[in-house]
Amino acid sequence: IAMTAPVYMTTKNGKNTMEFVLPSIYSEKNAVEPIDDDIEVYLSKPGYYAAMRFGGYSNSEKVKKHHDLLMKKLLENLGCAVNYKKSKNV
């Protein structure tokens, strides 16, 4: 998988999670079976999403800064308020 594949990083209840988005040629049926019990392959719910790319390590200040910028850009480009529901990936 290319290093440019989307990655979602979260922290919940002190536990860090990293999710990799597999290319569309993979499915739950043909993805390699993980050898670690802490790794799972699953199909996520389809939908429309907005994302912003930024480099380096993440921290709460950097996430907030880019989140606010993303919301501002969505408002400017869509011409309306964005219905934002915090997901596990923010």
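From a predicted model like this one, the values you see are computed outputs, not experimental measurements. Along the sequence shown, the residues carry numbers beginning at 1. Just so it is clear, the values below take in all heavy atoms, side chains as well, and ignore hydrogens, waters and symmetry mates.
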Completion exercise
For Lys64, the salt bridge (charged side-chain N to carboxylate O under 4.0 Å, His left out) test, sequence neighbours excluded, returns Asp68
Exercise for the section: Would you please name every residue forming a salt bridge (charged side-chain N to carboxylate O under 4.0 Å, His left out) with Lys62, sequence neighbours left out? Expected result: none
Problem - Set of residues satisfying ring pair (Phe, Tyr, Trp, His ring centres under 6.0 Å) with respect to Phe20, sequence neighbours excluded - result: none
Practice task
State, to 0.1 Å, how close Leu70 and Ala50 come at their nearest heavy-atom pair, and which atoms those are.
Solution key: CD2-O, 3.9 Å
Exercise for the section: Could you list the residues that satisfy side chain to side chain contact (heavy atoms under 4.5 Å, CB included) with Lys73, not counting sequence neighbours? Expected result: Leu69, Glu76, Asn77
Practice task
With sequence neighbours left out, write down each residue that passes side chain to side chain contact (heavy atoms under 4.5 Å, CB included) with Ser27, or none if nothing qualifies.
Solution key: Lys29, Asn30
Fill in the blank from the handout: Rounded to the nearest 0.5 angstrom, the CD-CD distance for Glu33 and Glu28 is 11.0 Å
Fill in the blank from the handout: dist Lys72:NZ -> His67:NE2 (nearest 0.5 Å) comes out at 14.5 Å
If you look only at distance, which donor and acceptor atoms sit under 3.5 Å apart when one is on a side chain in residues 34-41 and the other is two or more places apart or in another chain?
from: Asp36; atom 1: OD1; to: Asp38; atom 2: N; distance (Å): 2.7

Handout entry: Heavy atoms of other groups near Phe54 CZ, more than 12 under 6.0 Å
Key = yes
Practice task
Walk me through it: do Lys12 and Thr17 pass the test side chain to side chain contact (heavy atoms under 4.5 Å, CB included)?
Solution key: CA-CA 8 Å; Lys12 186 174 182 180; Thr17 302; over 6 Å; no
